[in-house]
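These numbers were taken from a predicted model, which means no experiment stands behind them. Note that ligands are numbered from 1 as they come in the structure, with each ligand's atoms numbered from 1 the same way.
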Amino acid sequence: MIHIKNVCQLDGTVGSLTIPSSEHIELDVEGKLTAFPGCIDAHVHLRTPGHTHKEDWRTAAQAAMAGGITTVFDMPNNDPSCVTKERVLAKKQEIDQQLQEIGIPLDYQLWLGAHQNHFNEIGKCKDLVIGVKAYMGSSTGDLLLDDPNALDELFRIAALENMIVAVHAEDEEILEEKKRQFLGYSDPAVHSQIRDRKAAIKATQQVIALTEKYNNQVFIMHVSTKEEIDLIREAKKRELLVYAEVTPHHLFLNESAYVHLGTKAQMNPPLRTVDDQKALCEAIQDGTVDTIGSDHAPHTHAEKNLPYGKAPSGVPGLETTLPLLCQAYHDDKISLEQIVRLTRTNAEIIYDLPSNKDYVLVDLELQKVVDNAQLKTKCGWSPFAGQMLKGWPVMTIVQGKIFYV
Ligand SMILES: [Zn+2]
């Protein structure tokens with residue numbers, strides 16, 4: 001049993017916390033730490049198999065502990081991509097091996113990739129995965145589902161199997177057209193023009209129409225524009241089971257970041273405007289946003305230092321999500337209860353997860369600069385490096401094991 005005395009609860013009262021464990025640990029944190037339920041990050045790319053030079057589950061699990069994240073859902077755009085039962089099982093085996101080596105019992109789920117040639121695998125994987133992920137616009141990896149008929153078929157099957165569909169909603173046709181239009185441009189800021197908001201809006205409309213047709217449960221990942229928010233808000237009013245995820249980078253960065261970050265501000269969908277950031281914040285306030293996912297998508301310094309056009313899209317985020325949200329709490333932009341809903345309870349409910357006794361103890365008064373040298377992620381950088389944030393995890397407890405940050 002782990003017994004922690006004098007720990008602050010979210011409502012400000014001080015009490016004690018008892019967590020089942022094979023170890024016997026007594027701690028007194030003297031009212032200095034606040035207990036949050038361990039965060040669920042339903043959107044990470046931990047790069048196994050195929051891209052372990054960017055990240056693996058040994059480094060990612062340490063990064064998760066440092067960030068107070070006790071459950072992750074890993075995306076299928078691996079090499080080979082995770083699109084069959086056989087690959088799901090092989091991937092699980094590899095992950096379990098890596099987690100065992102590092103001794104961190106990180107809770108995890110896998111997304112199955114939607115691939116036109118492997119739709120017959122979806123039903124077979126039903127009990128092995130958390131849901132099925134469709135890439136409507138091309139991103140990292142070879143998963144692309146841009147044929148409207150195939151997308152329709154996916155939604156039909158997923159409804160039949162009662163599986164959640166997660167979508168990367170960007171319209172491939174618009175992306176292709178914009179790529180041609182901006183061919184040869186080298187300023188990374190062009191990324192936000194190439195991946196035009198119209199692509200995200202059109203794809204989101206398409207997804208909502210399909211959801212309505214087949215009565216699916218759909219998660220629209222990394223919502224980045226005001227218009228998508230409006231569409232989702234309206235769909236929710238009509239009681240469609242459309243859920244929205246936003247990322248910390250779309251909340252806390254905007255198009256101006258290219259100036260100092262270059263391609264380290266490049267991700268899909270891209271950074272948007274200040275007005276979009278405002279719309280995302282409002283959507284958090286009114287409950288249109290269901291979860292915050294890091295979309296932790298690490299690439300090495302060397303890869304990111306390539307010129308625009310060659311540099312891959314994606315930024316890491318496991319270690320900074322919670323500190324960024326704590327800073328937003330100090331800035332009166334979000335309440336602690338909202339943080340818990342967005343990083344834990346909403347995901348628990350929507351994905352119907354078994355309950356657990358994972359916790360993260362946060363020092364809400366601790367101020368620290370995001371320092372690349374201290375990050376546990378293998379890629380070793382953060383788009384938020386250099387920012388002073390107030391409120392950091394101090395210990396993370398997963399499956400009865402304590403990890404000190
Ligand atoms: Zn992603």
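- For the pair K236 and D286, the salt-bridge criterion is not met [side-chain N within less than 4.0 Å of a carboxylate O].
- Contact check for D146 versus E173: no side-chain heavy atoms found under the 4.5 Å cut-off.
- Under the 30°/60° scheme for interplanar angles, the aromatic rings of H43 and H222 are found to be tilted.
- As for H45, its N/O/S atom nearest the Zn ion (ligand 1) is the one called NE2.
- Restricting D295 to its N, O or S atoms, the one at the least distance from the Zn ion (ligand 1) is OD1.
- Scanning both residues, I334 and Q285, for their nearest heavy atoms gives CA-NE2, 4.2 Å.
- Not a single N, O or S atom of H222, from either the backbone or the side chain, sits less than 2.8 Å from the Zn ion (ligand 1).
- Atom NE2 is the N/O/S atom of H43 found closest to the Zn ion (ligand 1).
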